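See structure below.
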Amino acid sequence: MDRRQFLAASSSGLTAAAAGCLGSPLSSDDPESGPGADPGAESDMKARDGEITVSASGEVETEPDQAVIDVGVEASGESAAAVTEELSTGAAELRTTFDDLGIPEENIEDGRYRVHQAHGRTATGYEGAHSFEVTVTDVDRVGEIIDAVTEAGADDVGHVRFTLREETRSELRNDAIDDALANADEEASHIADNRGVTLEGTTAVSTGDVRVHPVHLEAEAMTSADAASGGAPQTEIGTEPVRVSASVTVTYAFGA
(Lines give C-alpha, C1' and ligand atoms only; values in the text may rest on other atoms or scores of the structure.)
Protein backbone atom coordinates (compact mmCIF):
# COMPACT_ATOMS: atom_id res chain seq x y z
CA MET A 1 0.00 0.00 0.00
CA ASP A 2 1.61 3.22 -1.04
CA ARG A 3 -0.16 5.17 1.70
CA ARG A 4 1.41 3.05 4.40
CA GLN A 5 4.25 4.48 6.40
CA PHE A 6 6.66 2.58 8.55
CA LEU A 7 7.35 4.32 11.84
CA ALA A 8 10.80 4.26 13.34
CA ALA A 9 9.74 4.24 16.96
CA SER A 10 10.68 1.14 18.89
CA SER A 11 11.50 0.12 22.42
CA SER A 12 14.04 -2.50 23.26
CA GLY A 13 15.51 -4.36 26.17
CA LEU A 14 18.43 -6.75 26.19
CA THR A 15 20.14 -9.45 28.17
CA ALA A 16 23.42 -11.14 27.41
CA ALA A 17 24.20 -14.40 29.16
CA ALA A 18 26.77 -17.12 28.75
CA ALA A 19 25.45 -20.58 28.07
CA GLY A 20 26.80 -22.57 30.98
CA CYS A 21 29.76 -20.19 31.60
CA LEU A 22 30.99 -19.19 35.06
CA GLY A 23 33.15 -16.29 33.94
CA SER A 24 32.50 -13.26 31.74
CA PRO A 25 29.34 -13.30 29.59
CA LEU A 26 31.63 -13.08 26.58
CA SER A 27 33.80 -15.97 27.69
CA SER A 28 33.73 -19.21 25.72
CA ASP A 29 35.53 -21.28 28.38
CA ASP A 30 33.54 -24.32 29.49
CA PRO A 31 34.20 -25.33 33.11
CA GLU A 32 32.65 -28.72 32.40
CA SER A 33 35.14 -29.53 29.65
CA GLY A 34 37.79 -32.09 30.45
CA PRO A 35 38.77 -35.69 29.87
CA GLY A 36 35.45 -36.94 31.17
CA ALA A 37 33.21 -34.36 29.48
CA ASP A 38 30.69 -35.26 26.83
CA PRO A 39 32.30 -34.36 23.44
CA GLY A 40 28.92 -33.56 21.95
CA ALA A 41 28.03 -31.13 24.73
CA GLU A 42 31.43 -29.42 24.43
CA SER A 43 30.90 -29.02 20.70
CA ASP A 44 27.48 -27.44 21.25
CA MET A 45 28.88 -25.01 23.82
CA LYS A 46 31.69 -23.82 21.56
CA ALA A 47 29.22 -23.31 18.72
CA ARG A 48 27.10 -21.03 20.90
CA ASP A 49 29.19 -18.95 23.30
CA GLY A 50 26.33 -16.73 24.49
CA GLU A 51 23.07 -15.03 23.68
CA ILE A 52 21.67 -11.57 23.21
CA THR A 53 17.93 -11.11 23.74
CA VAL A 54 16.21 -8.05 22.32
CA SER A 55 12.60 -6.86 22.66
CA ALA A 56 11.44 -4.42 20.00
CA SER A 57 8.25 -2.98 18.58
CA GLY A 58 7.14 -2.05 15.09
CA GLU A 59 4.27 -0.06 13.70
CA VAL A 60 2.66 0.69 10.35
CA GLU A 61 -0.23 2.94 9.45
CA THR A 62 -2.65 3.44 6.61
CA GLU A 63 -5.86 5.27 5.82
CA PRO A 64 -9.00 3.51 7.12
CA ASP A 65 -11.00 1.47 4.63
CA GLN A 66 -13.95 0.67 6.89
CA ALA A 67 -16.16 2.63 9.29
CA VAL A 68 -18.70 1.56 11.91
CA ILE A 69 -21.42 4.10 12.71
CA ASP A 70 -23.57 3.91 15.85
CA VAL A 71 -27.06 5.24 15.17
CA GLY A 72 -30.45 4.77 16.79
CA VAL A 73 -33.81 6.09 17.90
CA GLU A 74 -35.09 7.02 21.34
CA ALA A 75 -38.61 7.26 22.69
CA SER A 76 -40.55 8.16 25.84
CA GLY A 77 -44.19 7.70 26.82
CA GLU A 78 -46.67 6.95 29.54
CA SER A 79 -46.50 3.19 29.04
CA ALA A 80 -43.98 0.59 28.00
CA ALA A 81 -46.27 -0.41 25.14
CA ALA A 82 -46.34 3.14 23.77
CA VAL A 83 -42.54 3.40 23.93
CA THR A 84 -42.14 0.00 22.26
CA GLU A 85 -44.44 1.01 19.43
CA GLU A 86 -42.60 4.30 18.86
CA LEU A 87 -39.24 2.54 18.81
CA SER A 88 -40.56 -0.01 16.34
CA THR A 89 -41.74 2.75 13.99
CA GLY A 90 -38.46 4.63 14.27
CA ALA A 91 -36.37 1.52 13.69
CA ALA A 92 -38.42 0.62 10.61
CA GLU A 93 -37.79 4.09 9.16
CA LEU A 94 -34.06 3.71 9.75
CA ARG A 95 -34.01 0.31 8.06
CA THR A 96 -35.79 1.80 5.06
CA THR A 97 -33.15 4.52 4.94
CA PHE A 98 -30.34 1.96 5.13
CA ASP A 99 -31.95 0.15 2.19
CA ASP A 100 -32.28 3.40 0.22
CA LEU A 101 -28.59 4.08 0.85
CA GLY A 102 -27.69 0.67 -0.58
CA ILE A 103 -26.21 -0.66 2.65
CA PRO A 104 -26.28 -4.49 2.64
CA GLU A 105 -28.37 -6.09 5.35
CA GLU A 106 -25.38 -8.07 6.62
CA ASN A 107 -23.64 -4.77 7.36
CA ILE A 108 -26.38 -3.73 9.79
CA GLU A 109 -26.39 -5.18 13.29
CA ASP A 110 -28.83 -4.51 16.11
CA GLY A 111 -27.15 -2.77 19.00
CA ARG A 112 -28.78 -2.15 22.33
CA TYR A 113 -32.53 -2.31 22.77
CA ARG A 114 -34.14 -1.38 26.05
CA VAL A 115 -37.42 -0.11 27.48
CA HIS A 116 -37.50 0.89 31.14
CA GLN A 117 -39.12 3.20 33.62
CA ALA A 118 -37.95 6.78 33.35
CA HIS A 119 -35.11 7.68 35.70
CA GLY A 120 -35.13 10.51 38.17
CA ARG A 121 -37.05 11.30 41.34
CA THR A 122 -39.70 13.31 39.53
CA ALA A 123 -39.68 11.32 36.27
CA THR A 124 -42.78 9.43 35.23
CA GLY A 125 -43.60 7.00 32.47
CA TYR A 126 -41.19 4.97 30.39
CA GLU A 127 -38.32 5.55 28.02
CA GLY A 128 -36.33 3.40 25.64
CA ALA A 129 -33.75 3.20 22.87
CA HIS A 130 -32.99 1.00 19.88
CA SER A 131 -29.58 1.36 18.23
CA PHE A 132 -27.79 -0.12 15.23
CA GLU A 133 -24.19 -0.62 14.19
CA VAL A 134 -23.78 0.19 10.51
CA THR A 135 -20.60 -0.92 8.75
CA VAL A 136 -19.56 0.81 5.54
CA THR A 137 -16.52 0.10 3.38
CA ASP A 138 -16.59 3.46 1.62
CA VAL A 139 -15.48 5.79 4.39
CA ASP A 140 -16.16 8.84 2.23
CA ARG A 141 -19.89 8.13 2.63
CA VAL A 142 -19.92 8.48 6.41
CA GLY A 143 -21.13 12.10 6.32
CA GLU A 144 -23.81 11.27 3.76
CA ILE A 145 -25.11 8.38 5.90
CA ILE A 146 -25.21 10.49 9.05
CA ASP A 147 -27.22 13.18 7.27
CA ALA A 148 -29.64 10.62 5.80
CA VAL A 149 -30.39 8.81 9.07
CA THR A 150 -30.76 12.10 10.93
CA GLU A 151 -33.30 13.27 8.37
CA ALA A 152 -35.08 9.92 8.75
CA GLY A 153 -35.58 10.55 12.45
CA ALA A 154 -32.49 9.18 14.18
CA ASP A 155 -32.03 11.13 17.39
CA ASP A 156 -29.06 9.17 18.66
CA VAL A 157 -26.05 9.40 16.35
CA GLY A 158 -23.12 8.26 18.44
CA HIS A 159 -19.48 7.85 17.60
CA VAL A 160 -17.89 6.64 14.38
CA ARG A 161 -15.11 4.05 14.53
CA PHE A 162 -12.73 4.15 11.57
CA THR A 163 -10.90 0.85 11.19
CA LEU A 164 -9.67 -1.70 8.64
CA ARG A 165 -11.17 -4.55 6.66
CA GLU A 166 -10.08 -8.04 7.64
CA GLU A 167 -7.83 -8.53 4.62
CA THR A 168 -6.13 -5.20 5.27
CA ARG A 169 -5.60 -6.15 8.91
CA SER A 170 -3.91 -9.40 7.91
CA GLU A 171 -1.54 -7.66 5.51
CA LEU A 172 -0.60 -4.91 7.94
CA ARG A 173 -0.22 -7.40 10.78
CA ASN A 174 2.59 -9.06 8.84
CA ASP A 175 4.12 -5.70 7.96
CA ALA A 176 4.09 -4.60 11.61
CA ILE A 177 5.81 -7.84 12.65
CA ASP A 178 8.40 -7.36 9.86
CA ASP A 179 9.08 -3.84 11.12
CA ALA A 180 9.47 -5.08 14.70
CA LEU A 181 11.88 -7.80 13.58
CA ALA A 182 13.92 -5.29 11.57
CA ASN A 183 14.17 -3.07 14.65
CA ALA A 184 15.23 -6.08 16.73
CA ASP A 185 17.94 -6.97 14.20
CA GLU A 186 19.24 -3.41 14.25
CA GLU A 187 19.35 -3.33 18.06
CA ALA A 188 21.09 -6.71 18.25
CA SER A 189 23.70 -5.65 15.69
CA HIS A 190 24.43 -2.49 17.64
CA ILE A 191 24.82 -4.44 20.87
CA ALA A 192 27.10 -7.01 19.22
CA ASP A 193 29.31 -4.26 17.75
CA ASN A 194 29.48 -2.54 21.13
CA ARG A 195 30.53 -5.76 22.86
CA GLY A 196 32.95 -6.78 20.13
CA VAL A 197 31.19 -10.05 19.31
CA THR A 198 29.67 -11.55 16.17
CA LEU A 199 26.03 -12.56 15.77
CA GLU A 200 25.74 -16.15 14.58
CA GLY A 201 22.01 -16.58 14.07
CA THR A 202 18.62 -16.55 15.78
CA THR A 203 17.85 -19.12 18.45
CA ALA A 204 14.34 -18.06 19.50
CA VAL A 205 11.59 -15.65 18.42
CA SER A 206 8.31 -14.80 20.11
CA THR A 207 5.65 -12.25 19.18
CA GLY A 208 3.63 -10.16 21.57
CA ASP A 209 0.43 -8.28 20.94
CA VAL A 210 -0.43 -7.33 17.38
CA ARG A 211 -3.02 -4.59 17.69
CA VAL A 212 -5.17 -2.49 15.40
CA HIS A 213 -5.73 1.01 16.78
CA PRO A 214 -9.01 2.35 15.31
CA VAL A 215 -9.76 6.06 15.16
CA HIS A 216 -12.80 7.05 17.24
CA LEU A 217 -14.67 10.24 16.44
CA GLU A 218 -17.89 11.71 17.72
CA ALA A 219 -20.39 12.30 14.93
CA GLU A 220 -21.89 15.78 14.88
CA ALA A 221 -24.93 15.32 12.67
CA MET A 222 -26.74 18.05 10.79
CA THR A 223 -29.74 19.26 12.81
CA SER A 224 -33.25 19.02 11.49
CA ALA A 225 -33.48 22.83 11.51
CA ASP A 226 -30.41 23.07 9.28
CA ALA A 227 -31.84 20.45 6.99
CA ALA A 228 -35.08 22.37 6.67
CA SER A 229 -33.23 25.55 5.77
CA GLY A 230 -31.55 23.76 2.88
CA GLY A 231 -28.41 25.78 3.46
CA ALA A 232 -26.32 23.34 5.45
CA PRO A 233 -23.54 21.48 3.67
CA GLN A 234 -23.20 17.74 3.94
CA THR A 235 -21.68 16.59 7.19
CA GLU A 236 -17.96 15.99 6.79
CA ILE A 237 -16.07 13.63 9.06
CA GLY A 238 -12.30 13.92 9.04
CA THR A 239 -10.09 11.13 10.31
CA GLU A 240 -6.52 10.10 10.94
CA PRO A 241 -4.60 7.02 9.78
CA VAL A 242 -5.26 3.71 11.52
CA ARG A 243 -2.20 2.20 13.20
CA VAL A 244 -1.23 -1.46 13.52
CA SER A 245 1.48 -2.29 16.06
CA ALA A 246 3.40 -5.43 16.96
CA SER A 247 6.09 -6.48 19.41
CA VAL A 248 8.67 -9.24 19.26
CA THR A 249 11.35 -10.75 21.45
CA VAL A 250 14.29 -12.28 19.60
CA THR A 251 17.26 -14.22 20.99
CA TYR A 252 20.48 -14.24 18.96
CA ALA A 253 23.50 -16.49 19.42
CA PHE A 254 26.88 -14.74 19.39
CA GLY A 255 30.51 -15.80 19.23
CA ALA A 256 33.69 -14.00 20.13
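Side-chain atoms are counted along with the backbone in the values below, which use heavy atoms only and exclude waters and symmetry mates. Note that the structure is predicted; figures quoted are calculated from it, not measured.
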message: Assigning hydrophobic clusters by single linkage (Ile, Leu, Val, Met, Phe, Trp, Tyr; side-chain heavy-atom cutoff under 4.5 Å), is Val139 placed with Ile69?
response: yes
- prompt: Would a hydrophobic clustering, with Ile, Leu, Val, Met, Phe, Trp and Tyr connected at side-chain separations under 4.5 Å, put Leu94 with Val68?
  reply: no
query: Going hydrophobic residue to hydrophobic residue with side-chain gaps under 4.5 angstrom, can you get from Val71 over to Ile108?
result: yes
field: Residue pair Arg141 / Val136, side-chain heavy-atom distance below 4.5 Å
entry: no
- prompt: Less than 4.5 Å apart, any side-chain heavy atom of Asp110 and any of Phe132?
  reply: yes
field: Tyr126 (side chain) donor-acceptor with Ala81 (main chain) under 3.5 angstrom
entry: no
- prompt: Below 4.0 angstrom, N of the basic side chain to O of the carboxylate: do Asp65 and Arg169 qualify?
  reply: no
Modelled atom types, side-chain donor and acceptor of His130 and Asp156, under 3.5 Å: no
message: Testing the basics here: between Gly128 and Val83, what is the closest heavy-atom pair and its distance to 0.1 Å?
response: N-CG1, 3.6 Å
- prompt: When rounded to the nearest 0.5 angstrom, what distance separates CD in Glu133 from CZ in Arg112?
  reply: 11.5 Å
task: May I ask you to test the Arg95-Asp99 pair for a side-chain heavy-atom distance under 4.5 Å?
output: no
query: What closest approach, in Å, do Val248 and Ala184 show between heavy atoms, and which atom pair accounts for it?
result: CG2-CB, 4.3 Å
message: Take a 6.0 Å sphere around NE2 of His216 and say whether it holds more than 12 heavy atoms from other residues, nucleotides or ligands.
response: yes
- line: What one should report as the nearest heavy-atom pair of Arg165 and Thr137 is NH2-O, 3.1 Å
message: For Arg243, run the salt bridge (charged side-chain N to carboxylate O under 4.0 Å, His left out) check against Glu61, Glu59, Glu63 and tell me which one passes.
response: Glu59
query: Leu217 and Val134: same hydrophobic cluster, using ILVMFWY side-chain contacts below 4.5 Å?
result: yes
Side-chain donor or acceptor of Ser88 paired with backbone N/O of Thr84 under 3.5 Å: no
statement: Looking only at heavy atoms, the pair that brings Gly58 and Asp179 closest together is CA-OD2, 3.5 Å
Any Phe254 side-chain heavy atom under 4.5 Å of Ile191 side chain: no
message: Please report the interatomic distance CZ(Arg173) to CZ(Arg211), rounded to the nearest 0.5 Å.
response: 13.5 Å
field: CZ-CD distance between Phe98 and Glu105, expressed to the nearest 0.5 angstrom
entry: 11.5 Å
task: Would you give the length of the straight line joining atom CD of Glu51 to atom CG of Leu199, rounded to the nearest 0.5 angstrom?
output: 12.0 Å
task: Find out whether Val212 and Thr163 are in side-chain contact, i.e. whether some heavy atom of one side chain is under 4.5 Å from a heavy atom of the other.
output: yes
field: Check: Thr239 and Pro64 side chains under 4.5 Å, non-hydrogen atoms
entry: yes
message: Would you say Val60 ends up clustered with Val210 if hydrophobic residues are merged whenever their side chains have heavy atoms under 4.5 Å apart, either directly or through other cluster members?
response: yes
query: Any side-chain heavy atom of Leu101 sitting closer than 4.5 Å to one from Glu144?
result: yes
Ser57 and Ser247 side chains, donor-acceptor separation under 3.5 Å: no
statement: Given the options Leu164, Asp138, Thr135, Gln66 meets side-chain contact (heavy atoms from CB on, under 4.5 Å) only with Thr135
task: Nearest 0.5 Å please: distance from the CG atom of Leu87 over to the OG atom of Ser76.
output: 9.5 Å
message: Applying side-chain contact (heavy atoms from CB on, under 4.5 Å) to Ile103 and Ile145, what does each step give before you reach the verdict?
response: CA-CA 10 Å; Ile103 301 173; Ile145 293 169; 4.1 Å; yes
query: Which atom pair, heavy atoms only, marks the closest approach of Val160 to Ala67?
result: CG1-CB, 4.2 Å
Gly153 versus Val73, closest heavy-atom pair with distance: O-CG1, 4.0 Å
message: Working to the nearest 0.5 angstrom, can you tell me the gap between Thr124 OG1 and Glu127 CD?
response: 10.0 Å
